[in-house]
Undergrad: 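The structure under discussion is supplied below as structure tokens; questions concerning it will follow.
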Amino acid sequence: MMSFVVVAILVIILGFIAIRGIGVISWEFLTTAPKEGMTKGGIFPAIVGTGCLVIGSMVFAFPVGILSGIYIHEYLSENWLKKFLRMMTNNLAGVPSIVFGLFGMALFVNYLKFGDSILAGSLTLGILALPVVIRLTEEALKAVPDGLRLGSYALGASKIQTIQKVVLPVAFPNILTGLILSIGRVSGETAPILFTVAAYFLPRLPESISDQVMALPYHLYVLATSGTNMEETRPMAYGTALVLVSIVLIINLSASLLRRQIHKKTKMH
Amino acid sequence: MTKARRIYEKIVTGILFSSSTITSLTVILIIVFLFREGIGLFNSTPTEKNYVIAVSRQNTIPIITSNELADIFNQDITNWKQLGGRNDSIVRLTLNDLSGIFTEEELGPDLEFFPQKLNEFVKTTPGVILYLSKEYLPKNFAGRIIPVKKITLLDFIFGKHWYPTSSPIPQFGIWPMIVGTLMVTLGAILFALPFGMATAIFMSEIAGNRLRNIMKPVVELLAGIPSVVYGFFGLVVLVPLIQSLFGLDVGETVLAGSIVLGIMALPTIVTVAEDALHATPQSLREASLALGASELQTLVRVVIPYSKSGISTAVILGTGRAIGETMAVLMVTGNSTHVNYSFLQPTRTIPATIAAELGDTSFGGVHYNALFALAIVLFLFTIIINLSVEVIKNRNQRVNQRG
């Protein structure tokens with residue numbers, strides 16, 4: 001059965017990383033900075049850095065993405081503008097992540113002179129997450145039955161009142177699922193942050209949004225490819241990989257659990 | 001409705017509209033910035049800023065290309081005759097090897113006699129070629145500054161040499177990367193297609209609801225693993241495996257990249273193909289079964305032909321996923337910029353090249369421009385992929401309307 005190969009691949013990759021990585025994980029590993037040429041210590045600054053980038057990118061992508069999703073789905077009929085906006089969203093979603101990195105470097109770092117900073121990195125990641133947020137918001141709105149909207153209009157509510165009081169509360173859980181999924185996507189990206197924010201080695205924590213930070217995915221890349229002492233950095237790399245995979249999988253799993261919960265509820269009604 | 005209310009609604013609508021334009025604006029900005037930085041490559045000569053190439057006045061060559069310069073300084077070309085000039089053997093002179101031609105006393109302290117000596121040397125050596133900074137050029141220079149041809153689009157795309165930092169003349173030919181990208185992507189699809197289709201068929205046609213509910217999250221989880229983790233896995237597991245399996249010197253090969261990318265493209269192919277198979281109307285299946293066809297015949301003769309366009313969309317989207325992937329390929333394909341047509345040799349893809357080199361370039365330099373030009377090529381690849389998906393979708397809609 002060829003299709004079980006897919007399951008086997010997942011099990012092998014996750015199992016391998018879990019088995020090699022679990023021995024490295026300790027309280028110290030999670031809460032201290034790397035030491036002695038990244039062969040000892042932990043990955044705390046990278047965890048904090050990834051946290052900063054996720055929050056920063058979402059501050060940009062959530063409002064913009066949700067608002068555009070609402071506009072595209074609730075305001076536009078099937079006309080050229082809707083088609084055009086959809087096409088642009090699809091195009092943006094298809095742009096390779098390294099091109100986002102180049103664009104972020106050219107626009108935010110060099111042209112707007114933000115320098116390598118959390119600000120530049122967050123905006124780059126935010127743009128990358130934008131199509132995901134828009135698409136999932138649209139899908140959430142699509143799942144709201146039209147009867148609810150019509151009922152609200154029949155009671156004399158305006159379009160915006162209907163969206164605020166009727167459509168959004170119903171669509172909220174689904175929108176939330178979408179937001180969680182986009183966080184999962186953003187926290188694992190490496191290429192967009194290479195030239196916009198990521199620091200090779202920076203044991204202190206960031207103080208402002210114009211600081212550079214370490215980030216988990218980039219730290220894993222550094223550990224895996226350019227350590228001076230490969231033998232001794234390998235365990236650190238396994239540990240980092242395990243932490244990164246766990247974070248991303250927990251985020252994705254909670255999104256699918258939430259989705260399943262919603263399905264159950266709607267079925268009961 | 002009160003007036004305040006109406007104004008409020010206008011403002012909200014305005015905000016909603018302006019947010020929805022941000023995506024389009026971003027796409028346009030991406031294009032603008034890629035071209036703004038990338039086009040510079042074709043407007044500049046590839047020599048370093050403030051450096052010139054000069055020859056003797058007797059030299060008849062009017063203009064020189066960067067490839068010819070590279071050959072001259074690599075000593076592959078040793079006589080001007082080879083470039084269609086006079087029969088003089090070439091004498092190279094750069095600031096680094098002055099001592100091979102002049103002694104220290106001849107140049108004097110602080111190189112004060114250098115301009116005079118240089119002029120004498122240029123006059124007496126018809127085959128000379130100089131590469132030096134403008135500030136060292138003597139005031140009444142006895143030689144002739146020869147213009148270097150700008151890089152053309154053809155040189156860029158079909159050039160076989162990528163030596164972006166070599167001195168005196170860097171070379172920007174991206175043919176090795178185009179070949180590398182296409183080969184790795186092709187390999188990835190060849191790997192992912194059978195497994196992906198089998199899984200999609202299994203999920204849509206064979207598995208019951210319960211198995212399907214297990215497989216779906218598995219595919220989603222596979223899609224969620226970050227690319228750098230795939231790269232790491234490939235580096236520590238696949239690369240050594242391939243190395244020992246084929247008895248190679250290095251395991252970082254096109255094959256390793258193809259397998260890792262294939263795994264990464266699997267979820268896309270499975271999800272899209274499964275949706276397509278699932279969308280086949282039940283009545284078609286039932287009609288086929290009623291005519292006495294077996295399950296397998298129905299699948300091969302009815303379901304798959306019906307969902308043909310969905311399946312091709314799956315393949316194209318999988319290709320799109322693979323072609324732009326950066327980190328994983330960078331980690332497992334060995335970073336060789338030589339043209340390579342074998343699956344068991346190292347190579348380097350377009351995105352990997354950008355990721356590996358952009359950190360070392362100076363802002364606004366030729367190398368920086370070249371990497372943006374490389375990104376334009378990558379961007380064009382993905383646009384073609386997106387457009388072909390749209391075309392297939394539209395054609396499919398038309399066919400369905402007719403049918």
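Naming: A, B, ... by sequence-line order, numbering from 1 per chain.
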Undergrad: What part of Leu130(A) lies closer than 4.5 angstrom to a heavy atom of chain B: side chain, backbone, both or neither?
TA: side chain
Undergrad: What part of Asn335(B) lies closer than 4.5 angstrom to a heavy atom of chain A: side chain, backbone, both or neither?
TA: neither
Undergrad: Quick one: what part of Ile127(A) sits under 4.5 Å from any heavy atom of chain B, side chain, backbone, both or neither?
TA: side chain
Undergrad: Give the member of Ile15(B), Leu387(B), Leu358(B) that has the highest number of heavy-atom pairs under 4.5 Å with chain A.
TA: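 Maximum pair count with chain A is reached by Leu358(B).
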Undergrad: With a 4.5 Å heavy-atom cut-off, do Thr26(B) and Ile22(B) have their side chains touching?
TA: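 With C-beta onward as the side chain, the pair touches.
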Undergrad: With no hydrogens and no angle check, do the side chains of Thr353(B) and Arg348(B) hold a donor and an acceptor under 3.5 Å apart?
TA: yes
Undergrad: At a heavy-atom separation under 4.5 Å, does Met215(B) approach chain A through its side chain, its backbone, both, or neither?
TA: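 The side chain, not the backbone.
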Undergrad: Given a strict heavy-atom distance threshold of 4.5 Å, which part of Arg321(B) is in contact with chain A: side chain, backbone, both, or neither?
TA: neither
Undergrad: Between Thr181(B) and Thr349(B), does any side-chain donor sit less than 3.5 Å from a side-chain acceptor?
TA: no
Undergrad: Shorter than 4.5 Å, heavy atoms on both sides: which option in Thr21(B), Thr382(B), Ile323(B) has the most such pairs with chain A?
TA: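 Max contact count across the listed options: Thr382(B).
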Undergrad: Any side-chain donor paired with an acceptor under 3.5 Å for Tyr368(B) and Asp360(B)?
TA: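 No, no side-chain donor-acceptor pair sits under 3.5 Å.
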Undergrad: With a 4.5 angstrom heavy-atom cut-off, could you sort out which part of Phe33(B) is near chain A: side chain, backbone, both or neither?
TA: side chain
Undergrad: Measure distances from Leu266(B) to the heavy atoms of chain A and classify the residue's part below 4.5 Å as side chain, backbone, both or neither.
TA: side chain
Undergrad: Are Ser227(B) and Glu325(B) linked by a side-chain donor-acceptor pair shorter than 3.5 Å?
TA: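 Yes, because at least one side-chain N or O of Ser227(B) sits under 3.5 Å from a partner of the opposite role on Glu325(B).
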